[in-house]
Amino acid sequence: MQRYSSAKSLCRKIIHHRPHHQIQLPFTRRPCDVFINHRGTDTKRTIAGLLHDHLSRLRLNPFLDSKNMKPGDRLFDKIDTAIKHCKLGVAVFSPHYCESYFCLHELALIMESRKKVIPIFYDVKPSQLQVPDNGTCSRKELQRFSRALEEAKYTVGLTFDSINGDWSEFLTTATDAVINNLIEVDEESTANREPMGFLQNY
């Protein structure tokens, strides 16, 4: 309970210092705060979905394709735009992650955009993640995906065992990591005179 309260306190700090020009009128949405990169069949109904819902309750604006997209949306346009405008990426690596072209494309775009990324290793070890060469991707794409995956694998992240882990504790830990990284991103942006919206009046 104490750790959940600390997350709420950090979020109140973020929201309280949101500049006036960022305050939204009805029926508008601010840019994506957090892009959740994940393999839907592995994590949509578990860790990725739970993290999205938890961040939403804290009045942040996470992007999860199954939650944010509607019939008629152009897949690549919607996702690429969300990544371009997000402030932070969360890459949820799972056993079947690397089998998905879309997961690898999203990850490559996040890393190429130089976004800060929090890796979550869900029921998988970093050493088990490899881009498969099964003939579905060009050599250039394989190299692009492999570079992005290697960079993400060697970024400090979180690990979770879905069988033996404490879901409530992990969700709180992941949420705290997201919020603290959002604050760091905004402070760095402010220092570089390129405010991104959270704490520029702090």
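The model shown is predicted, which means the values in this text are computed figures rather than measured ones. Sequential numbering from 1 along the given sequence is applied to the chain's residues. Basis for what follows: all heavy atoms, side chains included, without hydrogens, waters or symmetry-related copies.
Within the 4.5 Å cutoff, the side chain of Ile79 has heavy atoms near those of the Phe63 side chain. Inter-residue side-chain proximity for Leu149 and Cys98 is flagged as met; some heavy-atom pair is nearer than 4.5 Å. Under the 4.5 Å side-chain criterion, counting only non-hydrogen atoms from C-beta, Val92 is not in contact with Asn37. No side-chain heavy atom of Asp33 sits under 4.5 Å from any side-chain heavy atom of Leu88. Counting only heavy atoms from C-beta outward, the side chains of Lys84 and Asp80 never approach each other to under 4.5 Å. The shortest distance between side-chain heavy atoms of Thr159 and Ile120 does not fall below 4.5 Å. Taking the side chain as every heavy atom from C-beta outward, Leu158 and Phe170 approach each other to under 4.5 Å.
With values rounded to the nearest 0.5 angstrom, Ile118 atom CD1 is found 10.5 Å from Thr155 atom OG1. The CD1 atom of Ile83 sits 4.5 Å away from atom CD1 of Ile110, with the distance rounded to the nearest 0.5 Å. Between atom CG of residue Leu109 and atom NE2 of residue His105 there is a gap of 5.5 Å, rounded to the nearest 0.5 Å. Taken from NE2 in His52 to CD1 in Ile47, the straight-line distance is 14.5 Å, to the nearest 0.5 Å. Separating the OH atom in Tyr101 from the OG1 atom in Thr136 is a distance of 9.0 Å, to the nearest 0.5 Å. Note that the CZ atom of Phe93 and the SG atom of Cys103 stand 9.0 Å from one another [nearest 0.5 Å].
Among pairs with a residue in residues 140-149, those fulfilling salt bridge (charged side-chain N to carboxylate O under 4.0 Å, His left out) read Glu112-Arg144, at least two apart in sequence or across chains. Among pairs with a residue in residues 93-106, those fulfilling salt bridge (charged side-chain N to carboxylate O under 4.0 Å, His left out) read Arg39-Glu99, at least two apart in sequence or across chains.
Checked against a 6.0 Å centroid threshold, the rings of Tyr97 and Tyr122 do not count as neighbours.
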When you look at Lys87 and Lys116, which way does the side-chain contact (heavy atoms from CB on, under 4.5 Å) test go after all the steps? CA-CA 8 Å; Lys87 299 169 180 64; Lys116 198 164 189 177; over 6 Å; no
Could you please spell out the steps behind the side-chain contact (heavy atoms from CB on, under 4.5 Å) verdict for Lys153 and Gln130? CA-CA 10 Å; Lys153 283 165 57 175; Gln130 301 290 335; 3.6 Å; yes
Using the rule given for side-chain contact (heavy atoms from CB on, under 4.5 Å), can you reason through Val117 versus Val90, listing the C-alpha separation, both sets of side-chain angles and the distance that settles it, and then say yes or no? CA-CA 6 Å; Val117 176; Val90 174; over 6 Å; no
Evaluation steps, side-chain contact (heavy atoms from CB on, under 4.5 Å), between Leu182 and Leu60: CA-CA 10 Å; Leu182 283 173; Leu60 297 176; 4.1 Å; yes
Do Ser168 and Asp166 pass the side-chain hydrogen bond (donor to acceptor under 3.5 Å, both in side chains) test, and can you show the C-alpha distance, the side-chain angles, and the key distance before you say yes or no? CA-CA 6 Å; Ser168 178; Asp166 184 321; 4.7 Å; no
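The aromatic rings of Phe160 and Trp167 sit perpendicular to each other, their planes meeting at more than 60°, with 30° as the lower class boundary.
Under the 3.5 Å distance criterion, the side-chain polar atoms of Lys115 are matched with a main-chain donor or acceptor of Cys86. Judged by distance alone, the side chain of Ser100 and the main-chain N or O of His96 form no donor-acceptor pair under 3.5 Å. Checked by atom type and distance alone, the side chain of His85 pairs as donor or acceptor with a backbone atom of Thr81 at under 3.5 Å.
Residue Pro132 comes nearest to Leu142 through the heavy atom pair O-CD2, 3.5 Å, listed as atom of the first residue, atom of the second, then distance. A pairwise comparison of heavy atoms in Thr43 and Ser94 identifies CG2-CB, 4.0 Å as the closest pair. Taking each heavy atom of Leu55 and Thr175 in turn, the nearest pair found is CD2-CG2, 4.0 Å. For the residue pair Leu107 and Ala91, the shortest heavy atom distance occurs at CD1-CB, 4.1 Å. The two residues Cys32 and Val34 have their closest heavy-atom pair at SG-O, 3.3 Å. Looking at every heavy atom in both residues, Leu51 comes nearest to Ala174 through CD1-CB, 4.2 Å.
Using a 4.0 Å cut-off between charged nitrogen and carboxylate oxygen, Arg114 and Glu151 count as a salt-bridge pair.
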